[in-house]
Amino acid sequence: MAQKPSIPKGTRDFLPAEVAKRNYIYSTIRKSFEVYGFSPIETPSFELSSTLLGKYGEEGDRLIFKILNSGEKVKKADLDALKEGNLARFSNSISEKALRYDLTVPFARFVVQHQNDLSFPFKRYQIQPVWRADRPQHGRYQEFYQCDADVVGSDSLLYEVDFVLLFDEVLSNLNIPDFTIKINNRKILSGIAEICGEADKIFTITVAIDKLDKVGIEGVVKELSEKGVSETALEKIMPLFDISGNTDSRLSQMKEYLAKSEIGQEGIRELEFVLEKVNSLGVKSAKIEFDVTLARGLNYYTGAIFEVKANGVKMGSICGGGRYDDLTSVFGMKDMSGVGISFGADRIYDVITELDLFPDTVDNNLELLFVNFGENEQNYCLTLVKEIRSHGISCEIYPSAVKMKKQMKYANDRGVKNLALIGQNEIDANTILLKNMETGEQKSMLLEEVITLLKN
RNA sequence: GUGGUUGUAGCUCAGUUGGUUAGAGUAUUGGUUUGUGGUACCGAGGGUCGCGGGUUCGAGCCCCGUCUUCCACCCCA
């Protein structure tokens, strides 16, 4: 019985042309990571549930794919928990492993586990898939690649500066014409909460003001009061919505607003440092913007928060990142400040596709195809194929002596650049009839000439 | 997780108030052309109408469930 082929929701197959484009993105990112001094590592696609759970907030836990215990272990199922409707406890009893949700938490685990083998500050990059049990939507998948660069073991703001430059470099190299790097600082958000007298509600407050763009002031206020933020606190938040102008002017207004908050002032100072250094070093094509509503992202950020948006495209953020002072402490390692960024390769792919910005050269098509005219000719060509391949030129012979038309069509469909036609005449003359599939021109050449021509 | 939306040939889609054998374009394949492709003409193959129930004399079409698609929330790369 034939089964209808399909793949799980939120996942995709990639055809050769797509893989070529994806590799182009990865290698562009990888190259810049290495130029900035990061070394690659890899971690398993799944971790112990205990490593992941509780690190991303309640919402994050819900989106973690859990792996069912195999074999006899399913007998550990806590059926009482199921009867009581305690689904979290029940699922913990049948699952001890989970697919990684991002690359940052596994990295923190990695750092603690291998601390004796690393020298700090430790800079690593990692390009691997992650999984989220989210509802698929435009630019949201259940399996997608993140390209992360992080450094742990230093609280120097020079790294924040480096990461902003790195965003600019990579996205410029990918020819993305218009993008904005948004920067904020968690300490500024803490300062806001402090000024309001609701320091313990910082998370509620930041999530709400993150939506300012979307729901407006009324929407934010509504959400805040629904979540139990007091009237007096709301009044103290209101001046925040009046802040406007360019980054410099907003920053100075913010400085005033946070005058009485020490932590807020510290956030401002950090931000000023980063912006000033980036500004004096200069960027290629990024727009850089202080955005006080930028609060999105994982709730483990403690300092700088980054987010990158491609302008003119309907797509969520394509990159994110920030500083996290305490991530390794849950794994038993204190005083290890880390900062890092993540490129969302799949969203970048979608953006480049939408803007039609992939270079024509990314497709790694076959350079040369030998037409197969029969057994004699085939044997003769096999030697030539081997010789040409030894020069690093991609090359093959059509596998059977079918009609010329069919072989031509195959070459066409595959985007083969050149055709070699060798019949008895060519064998006798010791030449190769080389046909350029794009122009249709053909020319009789010696083997050496073909190799020289195609090597470029 | 909440609300809505979608599913017919490999792909893009028609298919009347429920009524004979479910169509088109494109792709595939054979030929016109046995050493010259991307064009044209002629022919051929290809469909459990997402899946499972139900209503009906009769379901691609109506009802329920389920999976998938896309969208808005939640959240996020």
Side-chain angles (χ1 to χ4, degrees), chain A residues 1-13 15 25 29 56-64 87 101-104 127-148 167 203 206-208 210-211 214-215 219 223 294-299 306-310 314-322 340-351 369-374 377 398 401-427 433-442:
Chain A
M1 182 162 68
Q3 185 188 349
K4 181 164 183 161
S6 65
I7 55 176
K9 70 173 168 191
T11 65
R12 296 145 300 157
D13 285 327
L15 273 57
I25 292 172
I29 293 172
Y56 308 102
E58 213 174 301
E59 200 57 29
D61 280 0
R62 205 195 78 211
L63 299 177
I64 292 173
L87 294 180
Y101 175 88
D102 72 357
L103 300 177
T104 308
I127 299 178
Q128 290 192 280
V130 303
W131 294 268
R132 294 185 189 177
D134 206 358
R135 282 230 185 148
Q137 239 177 85
H138 181 60
R140 320 181 104 171
Y141 307 99
Q142 293 206 335
E143 178 183 59
F144 61 97
Y145 271 71
Q146 287 195 328
C147 311
D148 276 31
F167 278 138
F203 193 65
T206 54
V207 166
D210 183 29
K211 291 174 194 152
K214 215 179 218 170
V215 297
E223 174 163 341
L294 174 58
R296 191 194 301 213
L298 305 168
N299 46 12
F306 304 117
E307 183 173 295
V308 182
K309 273 276 299 152
K314 192 172 174 289
M315 175 70 68
S317 55
I318 55 175
C319 307
I341 58 172
S342 178
F343 290 82
D346 298 79
R347 285 191 177 175
I348 291 173
Y349 180 100
D350 291 344
V351 167
L369 178 75
F370 280 77
V371 174
N372 192 326
F373 284 117
E377 293 88 342
Y398 195 86
V402 297
K403 260 185 247 171
M404 182 85 175
K405 176 169 174 165
K406 189 166 170 145
Q407 300 191 42
M408 293 284 287
K409 183 166 165 33
Y410 174 79
N412 227 16
D413 292 344
R414 261 194 77 176
V416 173
K417 290 166 193 144
N418 296 284
L419 222 55
L421 298 108
I422 298 184
Q424 198 53 52
N425 295 344
E426 283 78 14
I427 294 177
L433 185 59
L434 192 75
K435 181 184 176 82
N436 181 318
M437 287 298 283
E438 216 172 300
T439 62
E441 283 169 34
Q442 46 191 52

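Naming convention: chains lettered A, B, ... in sequence-line order (proteins, then strands); numbering from 1 in each chain. Note: hydrogens, waters and symmetry copies are ignored here, and every other heavy atom, side chains too, is used. Quick caveat: nothing in here was measured; it's all calculated off a predicted structure.
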query: B:rU34 C1' sits how many Å from A:Met404 CE, rounded?
result: 12 Å
field: Spacing of A:Asp61 atom CG relative to B:rG1 atom P, expressed in whole Å
entry: 15 Å
Atom-to-atom span, CD1 of A:Ile427 to P of B:rG35 - whole angstrom: 14 Å
- request: Measure from the ring center of A:Phe167 to the ring center of A:Phe343 and say whether it is less than 6.0 Å.
  value: yes
- request: Say whether, by atom type as modelled, one donor and one acceptor occur between the side chain of A:Glu143 and the main chain of A:Arg12 under 3.5 angstrom.
  value: no
- prompt: To the nearest angstrom, how far is A:Asp134 atom CG from B:rC71 atom C1'?
  reply: 14 Å
query: What nucleic acid atoms does A:Gln424 come within less than 4.0 Å of, heavy atoms only: base, sugar-phosphate, or nothing?
result: base
Stacked pair A:Phe343-B:rA77, distance under 5.5 Å, angle under 30°: no
task: Establish whether the base of B:rG37 is bridged to the side chain of A:Arg414 by a donor-acceptor pair shorter than 3.5 Å.
output: no
field: Between SG on residue A:Cys147 and CD on residue A:Gln128, distance to nearest 0.5 Å
entry: 10.5 Å
query: Would you call A:Met315 and A:His138 a side-chain contact if the rule is heavy atoms closer than 4.5 Å?
result: yes
field: Sugar-phosphate, base or nothing in reach of A:Ser342, heavy atoms under 4.0 Å
entry: nothing
task: Pick the P atom in B:rA72 and in B:rG54, then give their distance to the nearest Å.
output: 38 Å
statement: With both pairing distances under 3.5 angstrom for Watson-Crick or G-U wobble, and | for a partner in another strand, the correct string for RNA chain B is ((((..(..((((.....[...)))).(((((.......))))).....(((((..]....))))))..))))....
query: A:Gln137 has a side chain; which of B:rC71, B:rG38, B:rU36 sits nearest to it?
result: B:rC71
task: Kindly say whether A:Gly374 contributes a backbone atom to a donor-acceptor pair with the side chain of A:Asn372 at under 3.5 angstrom?
output: yes
Distance test, side-chain N/O of A:Lys435 to OP1/OP2 of B:rG35, below 4.0 Å: no
query: When rounded to the nearest Å, what value does the distance between P atoms of B:rC51 and B:rC67 take?
result: 16 Å
task: Could you check whether A:Tyr141 gets within reach of a base, just the sugar-phosphate, or nothing at all, counting any heavy atom under 4.0 Å?
output: base
message: Could you check whether any side-chain N or O of A:Glu426 sits under 3.5 Å from a backbone N or O of A:Gly423, counting only pairs where one atom can act as donor and the other as acceptor?
response: yes
- prompt: Quick check: does any side chain N or O of A:Arg347 sit under 3.5 Å from a backbone N or O of A:Gly139, one acting as donor and the other as acceptor?
  reply: yes
message: Once you apply a heavy-atom cut-off of 4.0 Å, does A:Asn412 come out as touching a base, just sugar-phosphate, or nothing?
response: base
- prompt: Nearest of B:rC75, B:rU28, B:rU36 to any side-chain atom of A:Asp413?
  reply: B:rU28
- request: Determine the interplanar angle of the A:Tyr101 and A:Tyr56 rings, folded into 0 to 90°, and report it as parallel if under 30°, tilted if 30 to 60°, perpendicular if over 60°.
  value: tilted
field: B:rG25 versus B:rU17 - spacing of their P atoms, nearest Å
entry: 25 Å
Among B:rG1, B:rC70, B:rU36, the nucleotide that comes nearest once only the side chain of A:Pro136 is considered: B:rC70
message: From CG of A:Leu433 over to C1' of B:rG35, roughly how many Å is that when rounded to an integer?
response: 9 Å
- request: Take atom P in B:rG58 and the same atom in B:rG15, then report the distance between them in whole Å.
  value: 26 Å
- prompt: Is the closest side-chain heavy-atom distance between A:Gln424 and A:Phe373 below 4.5 Å?
  reply: no
- prompt: How far, in whole Å, is B:rG47 from B:rA24 if one measures between their P atoms?
  reply: 15 Å
- prompt: Rounded to whole angstroms, how far apart are CD1 on A:Ile29 and P on B:rA77?
  reply: 15 Å
- prompt: C1' atom, B:rU21 versus B:rC49: distance in rounded Å?
  reply: 15 Å
- request: Determine: side-chain N/O of A:Lys314 to OP1/OP2 of B:rA72, distance under 4.0 Å, yes or no.
  value: yes
- prompt: For A:Lys409 and B:rG31, what is the distance between atoms NZ and C1' respectively, to the nearest whole Å?
  reply: 15 Å
task: Could you check A:Cys319 against A:Thr439 and say which one's nearest nucleotide on RNA chain B is further toward the 5' end?
output: A:Thr439
field: Nucleotide nearest A:Lys9 when distance is taken to its side chain, options B:rA77, B:rG1, B:rU69
entry: B:rU69
query: Say you pick atom C1' in B:rG43 and the same atom in B:rU6; how far apart are they, in whole Å?
result: 36 Å
- prompt: Toward the 5' end of RNA chain B, which comes first, A:Gly316 or A:Gly423, by nearest nucleotide?
  reply: A:Gly423
Listed nucleotide nearest any side-chain atom of A:Glu426, set B:rC76, B:rG37, B:rG35: B:rG35
message: Of the listed nucleotides (B:rA77, B:rC70, B:rU32), which one gets closest to any side-chain atom of A:Lys405?
response: B:rU32
Phosphate-side-chain proximity, A:Gln442 and B:rU36, N/O vs OP1/OP2 below 4.0 Å: no
task: Looking only at non-hydrogen atoms, find the nearest pair between A:Tyr410 and A:Leu369 and report the distance.
output: CD2-CD2, 4.1 Å
- request: For A:Gly57, report the nucleic acid contact type (base, sugar-phosphate, nothing); a contact means any heavy atom under 4.0 Å.
  value: nothing
- prompt: Does OP1 or OP2 of B:rC73 have a side-chain N or O of A:Lys211 closer than 4.0 Å?
  reply: no
- prompt: What is the distance, rounded to the nearest whole Å, between atom CE of A:Met408 and atom P of B:rU33?
  reply: 18 Å
task: Give a yes or no answer on whether the side chain of A:Gln142 reaches the backbone of A:Asp134 with a donor-acceptor pair at less than 3.5 Å.
output: yes
- prompt: B:rU34 phosphate, OP1 or OP2: any side-chain N/O from A:Lys403 under 4.0 angstrom?
  reply: no
message: Applying a 4.0 Å non-hydrogen cut-off, can you work out what A:Val207 is touching in the nucleic acid: base, sugar-phosphate, or nothing?
response: sugar-phosphate
message: In whole Å, measure the gap between the C1' atoms of B:rC13 and B:rA27 for me.
response: 14 Å
Donor-acceptor pair under 3.5 Å, A:Arg140 side chain vs B:rC75 base: yes
task: Among the candidates B:rC75, B:rG37, B:rA77, find the nucleotide nearest to the side-chain atoms of A:Gln146.
output: B:rA77
- request: Scan A:Gly60 against the nucleic acid and name what it touches under 4.0 Å (heavy atoms): base, sugar-phosphate only, or nothing.
  value: nothing
- request: For A:Gly374, report the nucleic acid contact type (base, sugar-phosphate, nothing); a contact means any heavy atom under 4.0 Å.
  value: nothing
- request: Would you mind telling me which of B:rG3, B:rU29, B:rA77 lies closest to the side-chain atoms of A:Arg135?
  value: B:rG3
